[in-house]
Visitor: 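Dropping a structure here in structure tokens format, bear with me for questions.
Naming: A, B, ... by sequence-line order, numbering from 1 per chain.
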There are 2 protein chains.
Amino acid sequence: MTEFSLPPIQTTARDDAVLKALAGFVMQEALGPGEKLPTERILADRLKVSRNTVREALTRWEGLGLVERRQGSGTYLKAAVSPDMLHMPLTLAGGNDFTGLMRTLEIRRALEAEAAALCAIRAGKAEIAEIERKLDIMEEAFHSRAGMSAEEDWEFHQAVYRASGNPLFEQIIAAMHELFHRFWEHPLGVRDFGHASFPYHRTIYERIAAHDPDGARAEALKLIATVEDDLKRGAANLKLSDLK
Amino acid sequence: MTEFSLPPIQTTARDDAVLKALAGFVMQEALGPGEKLPTERILADRLKVSRNTVREALTRWEGLGLVERRQGSGTYLKAAVSPDMLHMPLTLAGGNDFTGLMRTLEIRRALEAEAAALCAIRAGKAEIAEIERKLDIMEEAFHSRAGMSAEEDWEFHQAVYRASGNPLFEQIIAAMHELFHRFWEHPLGVRDFGHASFPYHRTIYERIAAHDPDGARAEALKLIATVEDDLKRGAANLKLSDLK
DNA sequence: GTGCAGAAATTGGTTGGACCATTGAACCAC
DNA sequence: GTGGTTCAATGGTCCAACCAATTTCTGCAC
């Protein structure tokens, strides 16, 4: 039983070839996020493949979040595309229950702290100004709407992730944020959820603006700790039967 | 494989509904990895949708690595499927170059530090013993094979992730490890890659065994820092043309 | 000319049917 | 048994429509 290094032969890989060609086209035309790419019918015609094959290929890209399809309108790029990209589709056996949410929160604590620290190191003037802008918007919404600032809150954190210089942070957290949304449709009954975390947004910003990585990491850890407390409090308030 | 209880599909969002129905079917039949699921033609017939729609849905699952399609044979499950899964499509632009590896390393630093801290809090006697066992194996391999202990090194870290009490850590890191497997083997031509990180494995274990979260976190950060240094050193040794 | 409602064109989503390429099992000769 | 052959099952591709949402154009009223 000797060792071979014979990869399986590849006879048919239409849709893969379609994606490669499309990636090349996007590069050549220098298309960026938001821009529209050719219609399925045109692609099928140009590439000399069936429209079905084009659709399967685009379905793949859609699943990777690279592209967005709008019926009646067209297909649009959602992210930068280059021929040499590595994809790691990751599906986690999570759950809508309390422990599942707690686990995603632990991941978020890990990433949030690191992202804040990296941000404090790398963020330039423009990035810091953008974060401050999101912070102002959030604080304004918080005061005028009595604490209902979930959307603005999320945008603030996104700005931090983006300024970390590592797109993986935003991608991972974005997936988890979606899970949170699922859970928040059935709110925990904690009326002032998120109130406790509010002041730490500004302290995080201040540590970032001061280019203090360790300080930013510490403040981020505090913020997540308050969210965890809120969550535990909410779970305690509920009957266990509601949590399933 | 005879009786099904697959109700027909409603309207709009067909392929999504198909996936939901399929996920329910997989649960109901208690299908596990490796098992074969109904043919596309049968699914199309039972769900009262076109075969193309079934194909698009399956293409989605295939893209997520949940399913494998073998022409002439059938479609087989590759992972456990449950209706509430967390999908996390990660894309790394410019894949196999230095910055890509660096970015995954930043994620690893975030998760490794948090996992070590959680581990120090939650690990029981059995988990700590298991980690020590992996550590001993690693150190033995390191000394007898002059530093080539990549596999044993990886198993040590896995044991830590597992003892953190949160399976998400292991799943996320495992995906990245698989993605950069080739780099872990011969990373950038640095001969003694990983040597510098070796002593920190034991210090991490000691902090965990002492139930010292902050200490464990600090040691984990040091370990990753040495790996980062090795990586930077390797990149500096290489000509830029090789990095491309 | 402006504004707006309705028609027409555009575009992704779905359907049904056909054929091809690969697989695997049953079968057969040796 | 071994090695081929046949043949049905299954995923892969193609085609030609039609449906549904969106956008664009058109023409009428003002």
Visitor: Output, in order, the C-alpha distance, side-chain angles, deciding distance and verdict of ring-ring contact (aromatic ring centres under 6.0 Å, His included) for A:His177 and A:His157.
Guide: CA-CA 11 Å; A:His177 184 256; A:His157 290 290; 9.4 Å; no
Visitor: How do A:Leu37 and B:Gly72 order along DNA chain C: which one's closest nucleotide is nearer the 5' end?
Guide: A:Leu37
Visitor: Could you tell me how far apart B:Glu40 (CD) and C:dG16 (C1') are, to the nearest whole angstrom?
Guide: 15 Å
Visitor: How close or far is atom P of C:dG12 from atom CZ of A:Arg70, stated in whole angstroms?
Guide: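 Going from A:Arg70 (CZ) to C:dG12 (P), I get 11 Å.
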Visitor: How close do A:Met27 and A:Val81 get, counting heavy atoms only, and between which atoms?
Guide: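 Result for this residue pair: CG-O, 4.1 Å.
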Visitor: Which of residues 21-29 of chain A have a heavy atom under 4.0 Å from DNA chain D?
Guide: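 Listed by number, there are none.
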Visitor: Are any of the side-chain nitrogens in B:Lys134 or B:Glu155 under 4.0 Å away from the carboxylate oxygens of its partner?
Guide: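 Yes, this pair counts.
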Visitor: What residues from residues 46-63 of chain A pass a heavy-atom cutoff of under 4.0 Å to DNA chain D?
Guide: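 Contacting residues: A:Val49, A:Ser50, A:Arg51, A:Asn52, A:Thr53.
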Visitor: side-chain hydrogen bond (donor to acceptor under 3.5 Å, both in side chains) for A:Tyr161 and A:Glu112? Distances and angles first, verdict last.
Guide: CA-CA 8 Å; A:Tyr161 297 134; A:Glu112 188 101 17; 2.4 Å; yes
Visitor: If I take atom CD1 in residue B:Ile42 and atom C1' in nucleotide D:dG11, what distance separates them, rounded to the nearest angstrom?
Guide: 13 Å
Visitor: Whole angstrom is fine here: how far is it from CG in B:Leu43 over to P in D:dA9?
Guide: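 That distance rounds to 17 Å.
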Visitor: In whole angstrom, what separates B:Gln71's CD from C:dT22's C1'?
Guide: 5 Å
Visitor: Under the criterion salt bridge (charged side-chain N to carboxylate O under 4.0 Å, His left out), I'd like the reasoning laid out for A:Glu35 against A:Lys78: C-alpha separation, chi angles, the key distance, then a yes or no.
Guide: CA-CA 8 Å; A:Glu35 295 201 70; A:Lys78 270 179 70 178; over 6 Å; no
Visitor: For B:Tyr76, is the NZ or CZ atom of B:Arg70 found under 6.0 angstrom from the centre of its six-membered ring and inside 45 degrees of the ring axis?
Guide: yes
Visitor: Do the side chains of A:Arg109 and A:Glu228 get close enough for a salt bridge, i.e. N-O under 4.0 angstrom?
Guide: yes
Visitor: Could you go step by step and tell me if A:Phe198 and A:His143 meet the ring-ring contact (aromatic ring centres under 6.0 Å, His included) rule?
Guide: CA-CA 11 Å; A:Phe198 175 73; A:His143 288 128; 5.7 Å; yes
Visitor: State whether A:Asp136 and A:Arg202 are salt-bridged, where the test is any N-O pair (Lys NZ or Arg NE/NH1/NH2 against Asp/Glu carboxylate O) under 4.0 Å.
Guide: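 Looking at A:Asp136 and A:Arg202, the cut-off is met.
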Visitor: Is the phosphate of C:dG13 approached by A:Arg69 (side-chain N or O, under 4.0 Å from OP1 or OP2)?
Guide: yes
Visitor: To the nearest Å, how far apart are B:Asp15 CG and C:dG13 C1'?
Guide: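 After rounding, the reported distance stands at 9 Å.
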Visitor: So what does B:Arg41 hit on the nucleic acid, given a heavy-atom distance under 4.0 Å: a base, only sugar-phosphate, or nothing?
Guide: base
Visitor: So does B:Thr75 get a side-chain nitrogen or oxygen closer than 4.0 Å to the phosphate oxygens (OP1/OP2) of D:dG11?
Guide: yes
